[in-house]
Amino acid sequence: MSDKTNTIAGWTLAGCFVALGATIVGGMVFHSGEPKKEGYPVEAVDEGGDSGAAAEVPIASLLPTADAAKGAEVFKKCGACHTVNQGGANGIGPNLYATVGEGIAEGKGGFAFSDALKAKGGKWDFDSLNAWLTSPRKFAPGTKMTFAGLSNPKDRADVILYLNQQGSNLPLPAAPAAAPAGKDAKAAEGNSAAPAEGNAATPAAGNAAAPAAKK
């Protein structure tokens, strides 16, 4: 092997050693390693108030602005199982004419209601209809009703108003009075308490001071 070849081989080997050394040193300086936790921690945003589900709006608050015509459109989802006209036949579900105000799981031409619904008792008032339409299975666990329910409160109010006009025509319940906000309520309590304290304190101070002055 010639001197020139040996020189080239030597320089090549030396370059390899330099590259290897640089890699080792770089790894020591810029060591990354495995992160203890993947990704970046994200703190939950505290929006205040209860973290649970929002309070359900009472059906009595929605009925005054409900639309029976829209309720008739929503009721079409029920039309595969129910009729609603007077004297209509029972199908997979009972005829629903004059249902509002009627006893739960009663009448309807001898329709075979489930034991779960029979056990509920009571009447189909506006609140019970709202609960039933929200989730039949939750209202009466074990019911034969397979409909999942109406998640939109406005749709339920429209349907209930429509059903009420089909042979029941009961007066709508009064909408509940709006409760004052928390801060307003506390302020009202403070304002009502202040005059009472002042009225109680002033005469007491005056009555106590008068005899002392005479002495």
Side-chain angles (χ1 to χ4, degrees), residues 44-182 185:
V45 177
D46 185 6
E47 298 180 353
D50 190 359
S51 60
E56 182 69 25
V57 178
I59 194 63
S61 298
L62 300 175
L63 286 171
T65 57
D67 188 330
K70 292 181 178 178
E73 289 298 315
V74 178
F75 184 81
K76 290 179 180 179
K77 299 178 181 180
C78 314
C81 300
H82 298 278
T83 59
V84 72
N85 58 303
Q86 184 174 11
N90 294 327
I92 297 174
N95 171 265
L96 297 180
Y97 183 79
T99 291
V100 183
E102 193 174 53
I104 295 176
E106 295 179 4
K108 302 304 184 187
F111 181 84
F113 291 100
S114 66
D115 292 337
L117 199 55
K118 289 178 181 178
K120 288 295 297 185
K123 293 185 179 296
W124 284 122
D125 58 20
F126 296 99
D127 286 327
S128 60
L129 277 170
N130 182 51
W132 169 258
L133 290 173
T134 301
S135 175
R137 295 178 183 178
K138 186 176 180 180
F139 180 81
T143 179
K144 295 186 292 185
M145 180 82 157
T146 58
F147 183 60
L150 297 172
S151 60
N152 189 329
K154 181 66 168 59
D155 286 347
R156 296 197 298 272
D158 291 343
V159 169
I160 291 172
L161 183 64
Y162 170 71
L163 287 175
N164 187 47
Q165 293 180 358
Q166 310 308 307
S168 296
N169 298 308
L170 299 182
L172 300 181

Side chain to side chain, [X] and [Y], heavy atoms closer than 4.5 Å:
X    : Y    : result
P153 : V57  : no
V74  : V159 : yes
L96  : F75  : yes

Nearest 0.5 Å, what's the [atom1]-[atom2] distance between [X] and [Y]?
X    : Y    : atom1 : atom2 : value
L129 : K123 : CG    : NZ    : 12.5 Å
R137 : W132 : CZ    : CH2   : 10.5 Å
W124 : I160 : CH2   : CD1   : 10.0 Å
R156 : L63  : CZ    : CG    : 11.0 Å
D125 : L170 : CG    : CG    : 9.5 Å
D155 : T134 : CG    : OG1   : 11.0 Å

Short question: side chain of [X], backbone of [Y] - any donor-acceptor pair under 3.5 Å?
X    : Y    : answer
N164 : V100 : no
H82  : N95  : no
D158 : D67  : yes
K120 : F139 : yes
Q166 : Y162 : yes
K144 : F113 : no
T143 : S114 : no

Nearest heavy atoms of [X] and [Y], plus distance in Å:
X    : Y    : result
G167 : A98  : O-CB, 3.7 Å
L163 : S168 : O-OG, 4.5 Å
P136 : A148 : CD-O, 3.8 Å
L62  : A157 : CB-CB, 3.7 Å
P176 : A60  : CD-CB, 3.9 Å

Would K154 and T65 count as having a side-chain donor-acceptor pair, cut-off 3.5 Å? no
With K77 as the cation and F147 as the aromatic partner, state whether NZ or CZ is under 6.0 Å from the six-membered ring centre and within 45° of the axis. no
